[in-house]
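Contents: one structure, followed by commentary.
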Amino acid sequence: MNLTELTIKQAHEGLKNKEFTSVDLTKAYLEKIKKLDKEINAYLSVTEDLALAQAEEADRKILTGEFGMLCGIPCAIKDAILVEDQKCTAASKMLENYVAPYNATVVKKLREAGAVILGKTNTDEFTMGGSGENSAFGPTKNPHDKTRVAGGSSSGSGAAVAANLACFALGSDTGGSIRMPSSNCGVVGLKPTYGAVSRYGLIAHASSLDQIGPIAKTIEDAEIVFKTLSGKDKMDATSANFEFRISNFELKGCRIGVPKEYFVKGLDPKVEKIIKNAIKKAEDAGAEIIEISLPNAEFALACYYIIVPCEASANLARFDGIRYGLSGPKGYPAKDLLDVYLKSRGKGLGPEVKRRILIGTYALSSGYYDAYYKKAQEVRQLIRQDFEKAFEKVDMIFCPVSPVLPVKLGEKTDDPLAMYLMDIYTISVNLAGLPALSLPAGKAGDLPVGLQIIGNHFQENKILSVAEQIEKSIKF
Amino acid sequence: MISKEEVEHIAKLARLELTENEVEKMQKDLSAILDYFNLLNKAPSPDKILQENKLGGQARKDEILPRNASLTEKIMAAAPDKKDDYIKVKTIL
């Protein structure tokens with residue numbers, strides 16, 4: 001038996017039946033990380049001692065016979081989520097040596113459930129990017145083709161699960177950052193409804209959109225992790241009173257919307273074929289396929305890339321070289337307070353982060369606010385209304401996650417706008433605060449393609465249930 | 001096209017030191033991105049602007065919550081320059 005290939009459910013059964021211990025599992029992953037991760041670069045840090053101590057603790061709990069589904073299961077945490085006393089870099093030079101003073105609520109919940117933390121995974125710097133290439137510590141490579149990107153921003157989490165370097169992982173999603181790497185790496189990723197999971201302890205990117213969610217090998221596993229993470233948290237005022245219940249929602253008779261605006265020029269025919277095939281499978285299983293319209297879809301990308309930089313420029317003002325992080329870098333002595341700000345941020349932040357701070361500052365500056373930020377907020381309302389109308393007619397929406405296959409490393413890094421365009425199918429979901437998942441739907445050659453299933457607010461149970469039925473019917 | 005001076009002005013507002021090369025690159029990138037935003041001029045306006053309450057979020061009471069002393073220590077330990085329990089900053093004027 002190869003321990004690192006097991007799903008959460010299978011590993012749990014193995015632990016229950018005393019076939020192996022959590023220490024065995026954890027060691028198997030740690031060895032595999034040592035062997036493979038030099039090439040993939042999924043991890044920014046491996047918390048070996050912590051993981052082994054947690055595994056021993058889990059094994060003691062397992063001996064009592066009373067333990068939950070995640071007890072003793074090794075996982076990876078995106079390096080934008082705080083794990084107490086461990087480095088949290090957000091893949092930025094700014095936080096290269098920053099040590100987290102407390103646990104994020106999601107980490108606290110995983111720890112209470114007995115999960116074992118193997119390490120912190122790579123991401124685009126401050127989670128800003130769709131390919132993983134904006135990490136200050138080198139890109140994560142796609143385990144299916146190491147000349148290609150893993151997808152971002154939760155690049156390390158997607159690649160770690162795909163390469164069996166973790167049983168599951170946490171990612172965060174502001175505009176596709178869980179779904180994109182899941183699609184590119186051929187694993188399951190769930191971006192929950194805005195408010196379904198506490199963001200306390202997640203390094204903020206754009207606060208009206210950010211959500212934490214699971215990346216896993218199967219829908220069932222994603223469901224187990226989501227159930228553990230979700231719920232109200234007094235430390236996050238935007239978290240909702242929401243109790244997730246796993247339920248059966250039949251694919252037969254399910255009304256599935258397919259937005260006509262999403263199947264147009266720019267969509268790679270190879271991706272389109274795989275997505276259409278998945279839709280056909282659903283239809284064959286008795287689902288009703290309904291063409292829908294999201295008339296304001298064409299404005300979503302511009303709307304998103306105004307709102308996000310505006311929020312990010314405010315959120316990242318905290319990195320000022322005073323309270324934590326890089327300060328007055330060596331060799332560039334600052335003469336006064338302003339100089340500390342300028343130099344710390346100038347040296348500590350990478351190109352994409354700077355670009356977004358500049359766009360946000362520009363769009364919020366006097367004279368431009370109405371034309372950009374206010375207009376974008378109005379369009380955001382239209383986009384949300386498009387989905388409201390659609391969900392009057394359908395139970396969920398099927399579409400691609402990405403318009404293209406995973407790109408070659410470096411292929412689009414010189415053209416930020418071309419990079420942004422790859423987010424075209426994922427960003428609207430965040431603007432509307434909806435839940436959506438990526439389900440592996442097929443492969444073009446070696447390259448995985450994800451089907452995106454979008455649900456109505458707090459209907460994770462519906463999309464997970466239908467996804468599980470499709471997961472069984474698609475074999476590739 | 002956004003000017004070099006505009007980029008430098010925004011960078012100063014955002015407290016970002018940019019090199020010559022960075023200013024040039026940002027001038028190019030920002031111009032392309034801002035041009036793309038013009039697409040929104042084509043977008044309709046909503047019939048009425050809804051008050052933003054759907055995103056949730058409530059203000060909590062402004063009160064001091066008890067925390068472990070160790071948390072305070074860890075937060076202080078992260079400060080780059082300090083004396084005793086105070087964070088040091090450079091002269092302002």
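Just so we're on the same page: letters track the sequence lines, and every chain starts at 1.
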Max heavy-atom pairs within cutoff under 4.5 Å with chain A, candidates A32(B), P46(B), A79(B), A11(B), goes to P46(B)
Bottom line for K234(A): the part with an atom under 4.5 Å from chain B's heavy atoms is neither
One option among L13(B), L39(B), N38(B) has the most heavy-atom pairs under 4.5 Å with chain A, and it is L39(B)
Under 4.5 Å to a heavy atom of chain A? For L30(B) that would be side chain
Interatomic distance, CG@L364(A) vs CD1@I10(B), rounded to 0.5 Å, equals 11.5 Å
Checklist entry - So, do S327(A) and D81(B) sit near enough that their side-chain heavy atoms are less than 4.5 Å apart? => result no
Next item on the list: For side chain to side chain contact (heavy atoms under 4.5 Å, CB included), just list the numbers for D320(A) and R15(B), CA-CA rounded to whole Å, side-chain angles, deciding distance to a tenth of an Å, and then say yes or no.
Entry: CA-CA 9 Å; D320(A) 57 3; R15(B) 303 290 188 254; over 6 Å; no
Looking only at heavy atoms, the pair that brings P44(B) and L382(A) closest together is O-CD1, 3.2 Å
If one checks every heavy atom of E22(B) against chain A at 4.5 Å, the contacting part turns out to be side chain
Pair count under 4.5 Å, heavy atoms only, with chain B: among L417(A), D336(A), L358(A), highest is L358(A)
What I'd like to find out is whether the side chain of E378(A) reaches to under 4.5 Å of the side chain of L40(B), using heavy atoms alone.
no
Between the OH atom in Y362(A) and the NE2 atom in H9(B), the distance rounded to the nearest 0.5 Å is 10.5 Å
Okay, E298(A) and chain B: the region with an atom under 4.5 Å from a heavy atom over there is both
So, the part of L209(A) with a heavy atom under 4.5 Å from chain B: the answer is neither
Worksheet item: Mind checking whether L301(A) and Y36(B) have side chains closer than 4.5 Å, heavy atoms only?
Response: yes
Closest non-hydrogen atoms of K25(B) and D414(A), given as atom of the first, atom of the second and distance, are NZ-O, 3.7 Å
- Message: Between R355(A) and D29(B), does the salt bridge (Lys or Arg N to Asp or Glu O under 4.0 Å) criterion hold? Intermediate values first, please.
- Response: CA-CA 8 Å; R355(A) 200 150 37 229; D29(B) 290 350; 2.7 Å; yes
Go through it in stages, so that I can follow the logic: the residues are I33(B) and Y420(A), the test is side chain to side chain contact (heavy atoms under 4.5 Å, CB included), and I'd like the CA-CA distance, side-chain angles, deciding distance and then a yes or no. CA-CA 10 Å; I33(B) 293 164; Y420(A) 295 170; 3.8 Å; yes
* Could you tell me whether E17(B) and R345(A) have a side-chain N and a carboxylate O separated by less than 4.0 Å? => no
Minimal heavy-atom distance between L337(A) and V89(B), with the atoms involved, is CD1-CB, 3.8 Å
The interface call for Y368(A) against chain B, heavy-atom contacts under 4.5 Å, is side chain
Within residues 61-70 of chain B, the residues sitting under 4.5 Å from chain A by heavy atom, in sequence order, are R67(B)
Smallest heavy-atom separation, K375(A) atom then S45(B) atom, equals NZ-OG, 3.6 Å
When the 4.5 angstrom heavy-atom criterion is applied to D85(A) and chain B, the contacting part is side chain
If one checks every heavy atom of Y98(A) against chain B at 4.5 Å, the contacting part turns out to be side chain
Looking only at N41(B), D47(B), L71(B), the option with the highest number of non-hydrogen pairs under 4.5 Å against chain A is L71(B)
Turns out that what part of K42(B) lies under 4.5 Å from chain A's heavy atoms comes down to both
If you define the side chain from C-beta out and look only at heavy atoms, does anything of L338(A) sit under 4.5 Å from K90(B)? no
Okay, L349(A) and chain B: the region with an atom under 4.5 Å from a heavy atom over there is side chain
(message) If you define the side chain from C-beta out and look only at heavy atoms, does anything of L34(B) sit under 4.5 Å from Y372(A)?
(response) yes
When the 4.5 angstrom heavy-atom criterion is applied to L16(B) and chain A, the contacting part is both
Cut-off 4.5 Å, heavy atoms of chain B, and the answer for I322(A) is both
Cut-off 4.5 Å, heavy atoms of chain B, and the answer for N296(A) is side chain
Applying a strict 4.5 Å limit to non-hydrogen atoms, the region of I87(B) in contact with chain A is side chain
> Crowded around K108(A) NZ? As in, over 12 foreign heavy atoms under 6.0 Å?
Replying inline: no
Margin query: Would V99(A) and K74(B) count as a side chain to side chain contact (heavy atoms under 4.5 Å, CB included) here? Give the steps.
Written below: CA-CA 9 Å; V99(A) 176; K74(B) 285 177 189 176; over 6 Å; no
- Query: Considering only heavy atoms from C-beta outward, does the side chain of F37(B) approach that of I359(A) to under 4.5 Å?
  - Reply: yes
